Amino acid sequence: LELREFLLGDAEGAATSLNQLTAPWQPQRFKLFLTHRHEDRTFVSEFKVSLEEYGVDAFVAHQDIEPTTEWRAIIEVALRSCDALAAYLAPGFHESLWVDQEIGFAIARRVLVIPLRVDIDPYGIMGKFQAMPCANQVPAEVARAVFHLLLDHELTWQRMTEGFLGRFEDSTGFDDANRMAALLPMLKSWNPDLLRRLASAPQVNAQIDGAFVAQRMIPRILNDHAS
């Protein structure tokens, strides 16, 4: 901000640009771009809410872009910064003017693309990615399957671990903290920074401190990864 003000005398413009770069995403979450047809917005909106329970912040254009914002710029920021992209392959998907461009952008960045197959098989360059069947499944079921995939895939497991821990740190109640703590053993990678965050979680969040599953699970994980 100081550099832009010195060079251009435009600190306000710099602040606006910085806000656009960070606006699409919540901090300390896995960043998943969701591409879909407008007609499927109901399912995708519920899917987004279900993903939040696992520390995944899903970018859905019709929800996450303010009407006064330059929406194409925000979409590009989201595509440039996402950790993975999921494509909801429902009837008519290929008719959209935008979805193929968004998928191509993600593939060019070499981030994971997850085809969520309703009744359309992945096509074009996207065809190299294995589809996840989701016909006749509710959003919560698809969200759980995506969470497991992100934890297991070599391109995403580290960021997914960080995102899940961020969600655990922000637990909103004892039941929420217990639910999240029960899933902690699924995380495969614990570097020193993540272990420090896990150890301090009860001190920074009283909901975690009072959650009986968290009380049992945190010392077990810390002990298992003690150097």
Side-chain angles (χ1 to χ4, degrees), residues 24-26 28-65 74-167 183 186-189:
W25 306 112
Q26 298 181 55
Q28 301 290 344
R29 297 293 189 272
F30 185 94
K31 301 185 290 291
L32 180 67
F33 191 103
L34 294 180
T35 185
H36 63 98
R37 294 188 320 144
H38 180 72
E39 289 80 358
D40 299 314
R41 62 190 180 278
T42 299
F43 181 95
V44 172
S45 296
E46 295 177 6
F47 180 47
K48 172 184 171 73
V49 172
S50 296
L51 286 168
E52 291 173 359
E53 296 301 307
Y54 299 101
V56 177
D57 184 17
F59 179 85
V60 180
H62 73 273
Q63 286 188 340
D64 296 339
I65 301 176
I74 294 297
I75 287 177
E76 185 172 341
V77 168
L79 285 167
R80 288 186 182 278
S81 55
C82 67
D83 299 314
L85 177 145
Y88 188 68
L89 301 180
F93 179 85
H94 193 42
E95 298 171 7
S96 169
L97 297 176
W98 299 103
V99 293
D100 286 345
Q101 296 181 54
E102 292 166 350
I103 293 169
F105 201 119
I107 291 176
R109 284 191 54 223
R110 303 191 179 193
V111 300
L112 177 65
V113 172
I114 306 171
L116 302 175
R117 185 186 185 280
V118 180
D119 58 2
I120 297 176
D121 291 321
Y123 54 85
I125 300 177
M126 179 176 51
K128 69 179 182 179
F129 297 98
Q130 183 175 358
M132 176 178 291
C134 60
N136 302 318
Q137 295 188 36
V138 299
E141 293 174 318
V142 180
R144 183 168 57 250
V146 167
F147 169 61
H148 285 282
L149 173 63
L150 294 174
L151 274 182
D152 291 337
H153 200 282
E154 61 180 355
L155 293 177
T156 54
W157 61 263
Q158 183 171 355
R159 285 291 300 119
M160 185 63 253
T161 299
E162 295 168 357
F164 185 85
L165 183 57
R167 173 65 179 80
L183 297 175
M186 296 179 58
L187 307 184
K188 296 179 174 61
S189 173

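Not measured: the values here are computed from a predicted model.
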Is there a side-chain contact between [X] and [Y] in this structure, where contact means two heavy atoms from C-beta onward sitting under 4.5 Å apart?
| X | Y | value |
| --- | --- | --- |
| Asp57 | Lys48 | yes |
| Pro115 | Met132 | no |
| Pro24 | Ile74 | yes |
| Phe30 | Phe164 | no |
| Glu102 | Ile75 | yes |
| Phe93 | Val99 | yes |
| Leu116 | Leu89 | no |
| Leu187 | Met160 | no |

>> What verdict does the side chain to side chain contact (heavy atoms under 4.5 Å, CB included) test give for Leu151 and Met186, after you've listed the backbone C-alpha separation in whole Å, the side-chain angles of each residue and the deciding distance to 0.1 Å?
In response: CA-CA 8 Å; Leu151 274 182; Met186 296 179 58; 3.9 Å; yes

> Can you list the steps and then say if Val138 with Phe43 is a side chain to side chain contact (heavy atoms under 4.5 Å, CB included)?
Replying inline: CA-CA 8 Å; Val138 299; Phe43 181 95; 5.9 Å; no

For a quick test of reading the model, state the closest non-hydrogen atom pair linking [X] to [Y] and the distance between them.
| X | Y | result |
| --- | --- | --- |
| Met126 | Ala87 | SD-CB, 4.2 Å |
| Ala106 | Val113 | CB-CG2, 4.1 Å |
| Trp25 | Ala58 | CZ3-C, 4.4 Å |
| Pro139 | Glu46 | CG-OE1, 3.4 Å |
| Val142 | Cys134 | CG2-CB, 3.6 Å |

>> Counting only heavy atoms from other residues, nucleotides and ligands, does the tally under 6.0 Å from CD1 of Ile125 exceed 12?
In response: no

> For the atom pair NE2 (His148) and CG (Leu183), what is the distance rounded to the nearest 0.5 Å?
Replying inline: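 Those atoms lie 7.5 Å apart.
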
> How far does CG of Leu112 sit from CG of Leu150, to the nearest 0.5 angstrom?
Replying inline: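 Spacing of CG (Leu112) from CG (Leu150) equals 6.5 Å.
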
>> Taking side-chain hydrogen bond (donor to acceptor under 3.5 Å, both in side chains) as the cut-off, I'd like each qualifying pair that reaches into residues 153-165, sequence neighbours left out, listed once.
In response: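 Found Asp83-Arg159, Arg159-Glu162.
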
>> Can you pull out every side-chain hydrogen bond (donor to acceptor under 3.5 Å, both in side chains) where at least one residue sits in residues 129-138? Sequence neighbours excluded, please.
In response: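 Not a single pair qualifies under side-chain hydrogen bond (donor to acceptor under 3.5 Å, both in side chains).
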
> Listed by chain and number, what are the side-chain contact (heavy atoms from CB on, under 4.5 Å) partners of His38, not counting sequence neighbours?
Replying inline: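 Residues passing side-chain contact (heavy atoms from CB on, under 4.5 Å) with His38: Arg41.
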
> Sequence neighbours excluded, which residues qualify as side-chain contact (heavy atoms from CB on, under 4.5 Å) partners of Ala143?
Replying inline: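 Only Phe47, Ser50, Leu51, Tyr54 meet the side-chain contact (heavy atoms from CB on, under 4.5 Å) criterion with Ala143.
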
>> Test of understanding: with side chain to side chain donor-acceptor pair (under 3.5 Å), list the residues that count as partners of Arg109, not counting sequence neighbours.
In response: none

> Looking at Phe59, Trp98, Tyr88, which hits ring-ring contact (aromatic ring centres under 6.0 Å, His included) with Phe33?
Replying inline: Phe59

> What pairs of residues pass the ring pair (Phe, Tyr, Trp, His ring centres under 6.0 Å) test when at least one of them lies in residues 104-129, not counting sequence neighbours?
Replying inline: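 For residues 104-129, and leaving out neighbouring residues, the ring pair (Phe, Tyr, Trp, His ring centres under 6.0 Å) pairs sorted by first residue read His94-Tyr123.
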
>> As a quick check of understanding, evaluate side chain to side chain contact (heavy atoms under 4.5 Å, CB included) for Arg117 and Asp121, giving each step before the final call.
In response: CA-CA 6 Å; Arg117 185 186 185 280; Asp121 291 321; 2.4 Å; yes

> Checking Arg167 side chain against Glu52 main chain: does a donor-acceptor pair fall under 3.5 Å?
Replying inline: yes

> Is there a side chain to side chain contact (heavy atoms under 4.5 Å, CB included) between Leu85 and Leu32 once you walk through the steps?
Replying inline: CA-CA 5 Å; Leu85 177 145; Leu32 180 67; 5.5 Å; no

